[in-house]
Amino acid sequence: MYSDVVVAGGSVAGLLCAREIASKGYSVTVIEEDYEIGTPEHCGGLVSLSGLEELGIIPFRNTFDHFIESANIKSPNGNNFTIDSKKQKVIEISRRELDKQIAFQAQKNGATIKVKTSFQEINDKGVRTNDEQIDCKIFVDARGVSSLIHKDRTGILSSAQYEIYADWIKKGKVEVFFDQEKYPGFFAWVIPSGESKGKVGIAGKGINVAQVMEELLKDKGDFSVIRKIFAPIWIKGPIENFVEGKTVIIGDAAGQAKPTTAGGIYTSGMGGVFAGQAIAKFLKTGNEKDLEQYQKRWNERFGKEFEKQLLARKILERLDNNTINKLFESVTPEIINEISEKDDFDFHTGSIIKLLGVKGSIKTVQTLIGGELKKLLN
Ligand SMILES: Cc1cc2nc3c(=O)[nH]c(=O)nc-3n(C[C@H](O)[C@H](O)[C@H](O)COP(=O)(O)OP(=O)(O)OC[C@H]3O[C@@H](n4cnc5c(N)ncnc54)[C@H](O)[C@@H]3O)c2cc1C
């Protein structure tokens with residue numbers, strides 16, 4: 001079999017890339033090792049409406065559940081504040097449905113999608129899958145974090161996310177829990193998918209995620225678990241080269257998820273869009289400079305913000321519970337109001353700076369992280 005492009009990984013990045021390539025009339029085959037697009041779902045489903053629009057997606061009725069109204073952020077000692085997120089237009093979507101919606105777009109443009117087909121190896125003529133050889137000009141690696149595990153384990157955290165039914169989950173109200181002893185270097189979250197149902201997740205360095213999850217749930221109250229997933233997340237930012245010869249790496253496989261939250265529907269998805277457009281141009285001209293445009297465009301859009309997010313992550317990793325508690329005490333209604341009014345879900349380091357008390361100059365934090373803070377402000 002021949003296809004101009006073979007994409008390994010039929011999720012958000014791979015399918016968007018295929019959609020772009022097919023829309024320019026080139027043949028593209030997406031191979032997905034699972035038996036169904038969108039399954040197993042390993043995502044909280046939080047995404048900004050503006051991000052989805054930039055990806056070229058107007059969510060179908062069964063993809064989009066509801067708007068997120070607020071995020072309640074809790075410190076280790078239980079202190080908390082609530083950000084009003086209505087202005088940010090963040091929605092909760094079903095990833096199972098979103099991925100299928102993008103698959104439909106790709107198919108309509110002329111892409112071929114094959115499930116239960118796994119990438120095995122690259123060879124002289126193209127790629128070998130579990131059931132056939134596909135000759136191609138370009139191979140796209142969109143295999144998610146699994147592609148990075150072999151390259152660098154130091155950027156990977158373990159995460160667990162359970163879908164649960166519980167009366168204490170309120171539609172539209174996200175919860176975030178910071179505690180460096182329980183979730184070192186990360187946090188726990190509750191993302192509602194409706195009234196009394198949603199996703200509870202945790203991630204952290206060197207923790208037994210199943211055990212820590214049980215403890216979190218026990219503290220929250222009655223619940224029933226209807227689904228459990230355990231998945232690695234990547235928090236180390238973009239890899240150095242998105243293009244290696246005729247192999248193009250996109251999405252989480254290229255480290256395009258946010259280093260602060262590991263959210264990647266938008267940023268990894270845009271990797272797929274930029275790559276697809278660059279590949280189509282390259283197939284037309286044969287000029288490798290056109291392929292290089294992909295990394296250039298992604299960096300222009302997200303490079304600076306990701307550098308800042310990496311710094312914010314470095315700072316978080318160095319804060320102990322005591323310092324976090326102090327930071328929470330210094331959060332004023334004015335700061336909360338400013339964040340509620342101006343925060344951008346996708347480019348959120350501005351809000352992190354405000355929360356770190358840069359304006360309020362908390363002494364402990366300044367001494368601890370003064371150098372990094374200065375860089376974050378630049
Ligand atoms: C617990 C959790 C919660 C998250 N919550 C959010 C959130 O709320 N908002 C947000 O924006 N992001 C969230 N993310 C991140 C988001 O899910 C990813 O950034 C996004 O899915 C990346 O898309 P991708 O296409 O790059 O990779 P993936 O979605 O990881 O897709 C990779 C695909 O490649 C396939 N594959 C792997 N190996 C092979 C092979 N050898 N052959 C063929 N196919 C293969 C896999 O089956 C998979 O379908 C979350 C992640 C986790 C783990």
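One-based numbering, in listed order, for ligands and for the atoms of each.
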- prompt: N/O of Y266 under 3.5 Å from N/O of ligand 1, yes or no?
  reply: no

- request: From atom 15 (C) of ligand 1, work out which of G251, C43, A262, A231 has a heavy atom at the shortest distance.
  value: A262

query: Closest non-hydrogen protein atom to atom 3 (C) of ligand 1, residue and atom name please, with distance?
result: G44 N, 3.3 Å

- request: Decide whether an N or O pair under 3.5 Å exists between W189 and ligand 1.
  value: no

field: atom 44 (N) of ligand 1: nearest protein contact (heavy atom, Å)
entry: E33 N, 3.2 Å

Any N/O pair I191/ligand 1 closer than 3.5 Å: no

field: Verdict with supporting geometry, F302 and Y266, ring pair (Phe, Tyr, Trp, His ring centres under 6.0 Å)
entry: CA-CA 11 Å; F302 302 111; Y266 168 53; 5.3 Å; yes

K24 with E20: basic N within carboxylate O range, under 4.0 Å: no

query: Any idea which protein heavy atom is nearest atom 32 (C) of ligand 1, and the distance to it?
result: A142 O, 3.4 Å

message: One thing to verify: whether E53 and K89 come together as a salt bridge, which I'm taking to mean a side-chain N less than 4.0 angstrom from a carboxylate O.
response: no

- line: Atoms of ligand 1 under 4.0 Å from any heavy atom of T117, numbered from 1 in the order shown, are 43 (C)

message: Strictly below 4.0 Å, N to O, side chains only: are E36 and K100 in salt-bridge contact?
response: yes

field: Side chain, backbone, both or neither: I31 near ligand 1, heavy atoms under 4.0 Å
entry: backbone

message: Polar contacts were defined as any N/O atom of the residue lying under 3.5 Å from an N/O atom of the ligand; does this apply to A257 and ligand 1?
response: no

- request: Can you pull out the closest protein heavy atom to atom 34 (O) of ligand 1? Residue, atom name and distance to 0.1 Å, please.
  value: G9 CA, 3.2 Å

query: What residue and atom, counting heavy atoms only, is the protein's closest point to atom 26 (O) of ligand 1, and at what distance?
result: D252 N, 2.8 Å

message: Quick test of your reading of the model: are E33 and R143 salt-bridged, counting only N-O distances below 4.0 Å?
response: no

query: With a cut-off of 4.0 Å, which atoms of ligand 1 are near a heavy atom of S146?
result: 37 (C), 38 (N)

- line: The answer for which part of A160 has a heavy atom under 4.0 Å from ligand 1 is neither

query: Centre of F345's six-membered ring, under 6.0 Å away, within 45 degrees of the axis: is that where NZ or CZ of K258 sits?
result: yes

Identity and separation of the nearest protein heavy atom to atom 42 (N) of ligand 1: F119 N, 2.9 Å

task: Look at atom 20 (C) of ligand 1 and find which of E92, K114, R95, Q161 reaches it with the closest heavy atom.
output: R95

field: Region of I265 engaging ligand 1 - heavy atom pairs below 4.0 Å
entry: both

message: I'd like to know if E195 pairs up with K173 as an ion pair, taking the criterion as any Lys NZ or Arg NE/NH1/NH2 lying under 4.0 Å from an Asp or Glu carboxylate oxygen.
response: no

query: Quick one: which ligand 1 atoms are inside 4.0 Å of a heavy atom on S159?
result: 1 (C), 53 (C)

message: Between D167 and Y165, is there a side-chain donor-acceptor contact under 3.5 Å, judged purely by atom types and distance?
response: no

- prompt: How far is atom 9 (N) of ligand 1 from its nearest protein heavy atom, and which residue and atom is that?
  reply: L46 O, 2.8 Å

query: Are the aromatic rings of Y162 and F223 close, with centres under 6.0 Å apart?
result: no

- line: Counting from 1 in the order shown, the ligand 1 atoms closer than 4.0 Å to a non-hydrogen atom of S118 are 42 (N), 43 (C)

query: Among D252, I250, I102, which residue meets the side-chain contact (heavy atoms from CB on, under 4.5 Å) test with V12?
result: I102

message: Tell me whether E317 is salt-bridged to K205, with the criterion being a basic N under 4.0 Å from an acidic carboxylate O.
response: yes

field: Salt-bridge criterion met for R96 and E163 (N-O under 4.0 Å)
entry: yes

query: Does G263 reach ligand 1 with a nitrogen or oxygen that is under 3.5 Å from one of the ligand's nitrogen or oxygen atoms?
result: no

SB check E214 K218 (cutoff 4.0 Å): no

task: Specify the protein heavy atom at minimum distance from atom 2 (C) of ligand 1: its residue, its atom name, and the distance to 0.1 Å.
output: H42 O, 3.8 Å

- request: Could you tell me whether the side chain of W168 and the main chain of D222 form a donor-acceptor pair under 3.5 Å?
  value: yes

task: Answer side chain, backbone, both or neither: which part of A13 comes under 4.0 Å from ligand 1, heavy atoms only.
output: both

message: To check you understand the geometry: which heavy-atom pair defines the closest contact between L55 and G269, and what is its length?
response: CD2-C, 3.4 Å

query: Does ligand 1 have an atom that lies less than 4.0 angstrom from a heavy atom of V12?
result: yes

message: Using a 4.0 Å heavy-atom cut-off, which part of V47 comes near ligand 1: side chain, backbone, both, or neither?
response: neither

Pick from K199, K258, R143: the one approaching atom 39 (C) of ligand 1 most closely through a non-hydrogen atom: R143

